[in-house]
Amino acid sequence: MTWVWRGRDDGPDPAAQRWHQVIRPWDAAPRARGRKSPIVVIGYPTDAGVRANFGRPGAVDGPAALRTACANLPAPTTHALFDAGDASGAGDDVESWQQSLAAAVSAVRAGDGIPLILGGGHDQAFGHWIGTVRAAADGAVVGCINFDAHIDMRMLQSGRAHSGTPFFQVNAWSAAHSRPFKYMLLGMQPPHNTPALIHSASSAGAQLVDADAFHPGQEASLLQLIDRFLSAVDLVCLSIDLDVFSAAAAPGVSAPSPMGIAPDATFRTILRRIASSGKVAGIEVAECAPSLDIGGRTARLGAAVIDTIVRSLGIPS
Ligand SMILES: [Mn+2]
């Protein structure tokens, strides 16, 4: 793996360290990973699923841009940082990418780490989830909380996965294995989802929360909804599709949302509630497409979201 972690250096003071100074290769430190629970970066450098979904390509370069944007974040005090490199796939074969990611996620979970997946097309969400399930205790309920403008529960295209199908795949697997399907979508945009999709997702048990719920006046009831969801799962895969944010905040995505949510205090309160639940088994940021970005703001937003999550992991709210 090419080591891309570099940035500012404010001297040896432990309180002045940044990500690039403390992050280490994951495989170079087997087990002796210290007292801090590890967060382990895994890149998902493909937009094959985006192209198969007729989206604008560019997310293939998302992991590199997100690593660069995270490099100068203040080093976490509660977690050690590692980079496990990138998932890989057979060309544009989306399922092979998902399985590669799943294997990497399972390995990180087996080492008591929390994977931090940097994407990449949102098809990564299925690899994230299935890798978590495989490493979890038998019978553990692994839910998905997904900030997204879209319900990525669309049907396979000629039997093939793409960036719009990950939660369809989660649901299909859960049904085939007689397991509960726990999926909550936060920030849905009515203009970008057909009534048929809303109906089929709701019928399958998806919990869909409209972007309009991200409002200070709705915060308390939204927190209640989230607490109820969290109480019904053992672990949660937290998935941030950057297109949940307004196009002004996140232009560098395949499908920008003109009326997306703001990365404001209400959003951050909701995010911290999930992160501090103690149930987050994995984190992913999806759909960062640097070639579509303006001045790197989407990658920087992704990094700021990651920073907000990492600061709250394991800290009760
Ligand atoms: Mn998505």
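We count ligands from 1, going down the list as the structure has it; atoms in each ligand are counted the same way.
At distances below 3.5 Å, at least one donor-acceptor pair connects side-chain atoms of Thr269 with backbone N or O atoms of Ala265.
Excluding waters, the set of protein N/O/S atoms under 2.8 Å from the Mn ion (ligand 1) reads His122 ND1, Asp148 OD2, Asp152 OD2, Asp241 OD2.
Between Ser163 and Asn53, the shortest heavy-atom contact is OG-ND2, 3.0 Å.
Note on Ile130 and Tyr44: separate hydrophobic clusters, where clusters join Ile, Leu, Val, Met, Phe, Trp and Tyr whose side-chain heavy atoms are under 4.5 Å apart, directly or indirectly.
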N/O donor-acceptor pairs under 3.5 Å from side chains in residues 1-15, not counting sequence neighbours:
residue: Trp5; atom: NE1; partner: Asp83; partner atom: OD2; Å: 2.7
residue: Arg6; atom: NH2; partner: Trp3; partner atom: O; Å: 3.3
residue: Asp9; atom: OD1; partner: Gly11; partner atom: N; Å: 2.8
residue: Asp9; atom: OD1; partner: Gln21; partner atom: NE2; Å: 3.1
residue: Asp10; atom: OD2; partner: Arg18; partner atom: NE; Å: 3.4
residue: Asp10; atom: OD2; partner: Arg18; partner atom: NH2; Å: 2.6
residue: Asp13; atom: OD1; partner: Ala15; partner atom: N; Å: 2.9

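Classification of the Phe267-Phe214 ring pair by plane angle, with boundaries at 30° and 60°, yields tilted. Ring pair Trp173/His177 is parallel by interplanar angle, where below 30° counts as parallel and above 60° as perpendicular.
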